[in-house]
Number of protein chains: 2
Amino acid sequence: MGRVTVHQLAAEAGVSLATVDRVLNRRSGVRPATVERVEAAIQRLDYRRDVAAANLAKNRTYPICFIVPEGPGEFIRALEAEVRTIAAHPGSSRVEIERVVVPAFDGTKLAEALKVVDPDRFIAVVVVATDAPKVRGAINDLVDRGVDVVTLVSDVPTSRRLHFSGIDNTAAGRTAATLVGRFMHRKGKVGIVAGSMLLRDHVERRMGFEQVIRNEYPGLELLPPIEARDDAALAEAELSRLLDRHGDIGGLYSLGAGNRGVIAALEKSGRRDHIVAVAHELTEDSRQALVSGTFDAVINQDAGHEVRSAIRVIQAKADGHPLIPGQERIRIDVFFRDNLP
Amino acid sequence: MGRVTVHQLAAEAGVSLATVDRVLNRRSGVRPATVERVEAAIQRLDYRRDVAAANLAKNRTYPICFIVPEGPGEFIRALEAEVRTIAAHPGSSRVEIERVVVPAFDGTKLAEALKVVDPDRFIAVVVVATDAPKVRGAINDLVDRGVDVVTLVSDVPTSRRLHFSGIDNTAAGRTAATLVGRFMHRKGKVGIVAGSMLLRDHVERRMGFEQVIRNEYPGLELLPPIEARDDAALAEAELSRLLDRHGDIGGLYSLGAGNRGVIAALEKSGRRDHIVAVAHELTEDSRQALVSGTFDAVINQDAGHEVRSAIRVIQAKADGHPLIPGQERIRIDVFFRDNLP
DNA sequence: AGCGCATTGATTGACGTACCTCAGATTCGG
DNA sequence: CCGAATCTGAGGTACGTCAATCAATGCGCT
């Protein structure tokens, strides 16, 4: 039973409630010997602070600032929706979320947005980060000003951010490579449609993918990647050109957004059944492409899980709680036609 | 701001605190017109009850009984560990968990265990269910006595359980079939190592697997499944015999526990590189088998997620909260060598 | 007018913790 | 042994909600 209260603690330790309180909240003015007696009692009774009551007494809230890129992409929209869902959920009523929107792919604007975050208003910032020196500096400044920073989806590992809430993108790229490599029965060429090489997650996916294809599938030839800046129209045009030029493309990895364009190009080419295509992010488009057979696998990160995890990490830090190992590991979801949710 | 309190509500509605309380807690003795006024104020101010404070006032706890099968299996041990982790975590301090262990594969004993659950002591039971009529009856009886029941890992869908916390096992079987089918480059025979056909999850996995192999990979020949009752030694012996008899086995699906035996048989046969093997549950054994190449893919369900989800569902029901769509969907995790956590 | 009844108000004491004040006790240096 | 500094106790208020009591109001009815 967690039914031990401070009163019982005080009785057990033979001190007053005030002293127990001083010890529990590390206030000064208690002799070391007395501190020890109280701590022994804590051990003996297995006392655990009632967090809910404590938060109530402190009238504590968790004001968090979410900084997300703007853009019409389905993934970003899903992220926003998840943030809203959390904010509205009664279970997380003490979490107060403010959203800030910045232009996508713009390190300078992002750094500015980070700079104007008020340390008195927010205990933490959750940010979809572009990995630019300015951004790293802004993150570190924020941390110095006492605001915890959690990176979402795309990391800045060299910064002093508290946590990264996202997937291991190198592993995601390797997984895509394994799927492409093993699903392709004959030799052939493999194309890559990338988003922006400014985003660390895209760079890492490509790295992981190319590494495995080169090392383990020597029969496959990697074509230079298309940079489509997550723009569906651009992706479609460029990919169509690539497909025209190389009649023997047998595999494709679409590692950014802009799936709509990739799907269109594949279907127009009339070769979708002969090309093993692996893409990222499960959206309505990519889901249909899976069902129709245009895509053979889709790698996904669960935006809801990422948002909730970020918040849990921030709360745990604020409350001085441990995290549950495993709960905050964001999975690399692999979807085929057969296991669509 | 969610900072609206009952006091502000009372002021806004022009009634007293007592009346607000009566409306909020659906107590009688308030005129319909007044109820409406208060509810209008709730809407206007976007009042949400502070769950923490409410639980504190009610001194509410969530006593839950976990009924899990005994057995040396790594998955069951992992389940137990997760239950313990949750119970010890300060965040879920009002959750009081009692664990009951019953013999595996024994519907009668399980039904008995369900029968003796005290409805006054527990608000809910979480149970790894075998799908037997007796068990279904016992679950329904419990529900009638006012105890919510959540099935874990293995479901009894025809019962009146509140929720099933586990994966879609048919989809898992289909996924395994897709992997086996697409990884096998030539024609060949496909073996199945099953656990117990008393467990609904095993039956469903096999169904999904066979269905896809038959429909989509006509070049593959399904061998009759081995029933190994999750016993490693038995699995090894039977699988070795099967491998001896059929020199042209190219694929294998191990859908139950007992991976250790499957791995041993595969490695002894010397044909592990020529057999595409897909198994269930990521354990230390199966993880090593993935790395060494004995297994080509492992399908997993996250025991921690399942346990936490079950508890969340129960709490939400008890508090009358909505669930967050998506958070309680247990994923079918697919692991390759490349995306091992 | 007087009765009972339904409705509402006012107030109070929990729940477990935080934080504050003030007074009393103990210790220590000189 | 005295004064000062340090420790400790006792008690209060607050956080937002629940739950209960008791008094007050207004209503219809006889």
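A note on names: the letters A, B, ... follow the listed sequences, proteins ahead of strands, and every chain is numbered from 1. This one's a predicted model, so the numbers in the text were calculated from it and none came from an experiment. In what follows, every heavy atom counts, from backbone to side chain, and hydrogens, waters and symmetry copies are set aside.
At most 12 heavy atoms of other shown residues, nucleotides or ligands fall within 6.0 angstrom of atom CD in Glu36(B).
In terms of the side chain to side chain contact (heavy atoms under 4.5 Å, CB included) criterion, residue partners of Phe164(A) (sequence neighbours excluded) are, by chain and number, Thr151(A), Asp155(A), Arg161(A). A search for salt bridge (charged side-chain N to carboxylate O under 4.0 Å, His left out) contacts involving Asp144(A) returns Arg160(A), not counting sequence neighbours. In this view, Arg77(A) satisfies the side-chain hydrogen bond (donor to acceptor under 3.5 Å, both in side chains) rule with no residue, not counting sequence neighbours. In this structure His89(B) satisfies the side chain to side chain contact (heavy atoms under 4.5 Å, CB included) test together with Pro322(A), Ile324(A), Ser92(B), sequence neighbours excluded. Judged as a side chain to side chain contact (heavy atoms under 4.5 Å, CB included), and not counting sequence neighbours, the contacts of Asp118(B) are Asp120(B), Arg121(B).
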Please output the side-chain donor-acceptor pairs of residues 60-72 of chain A that fall under 3.5 Å, not counting sequence neighbours, one pair per line with the distance.
unit_1, atom_1, unit_2, atom_2, d
Arg60(A), NH2, Ala318(A), O, 3.3
Tyr62(A), OH, Asn55(A), ND2, 3.0
Tyr62(A), OH, Asp319(A), OD1, 2.8
Tyr62(A), OH, Asp319(A), OD2, 2.8

Show me the donor-acceptor pairs within less than 3.5 Å that the side chains of residues 10-18 of chain B make with the rest of the protein, sequence neighbours left out.
unit_1, atom_1, unit_2, atom_2, d
Glu12(B), OE2, Arg44(B), NH1, 2.3
Ser16(B), OG, Ala18(B), N, 3.3
Ser16(B), OG, Thr19(B), N, 3.4
Ser16(B), OG, Thr19(B), OG1, 3.4

Distances under 3.5 Å between protein N/O atoms and the N/O atoms of nucleotides 3-5 of chain D, please, pair by pair.
none

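Glu328(B) and Ser309(B) form a side-chain donor-acceptor contact under 3.5 Å, judged by distance and modelled atom types alone.
DNA chain D lies under 4.0 Å from at least one heavy atom of each of the following residues of residues 29-37 of chain A: Gly29(A), Val30(A), Arg31(A), Thr34(A).
End-to-end axis angle of the helix from dA1(C)-dT30(D) to dA23(C)-dT8(D), from C1' rotation axes over five pairs per end: 50° (rounded to 10 degrees).
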*What string of B, S and - do you get for nucleotides 16-27 of chain D 5' to 3' if you count protein non-hydrogen atoms under 4.0 Å?*
BBBB--------
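Nucleotides of DNA chain C that come within less than 4.0 Å of any heavy atom of chain B span, from the 5' end to the 3' end, dT7(C) to dG16(C).
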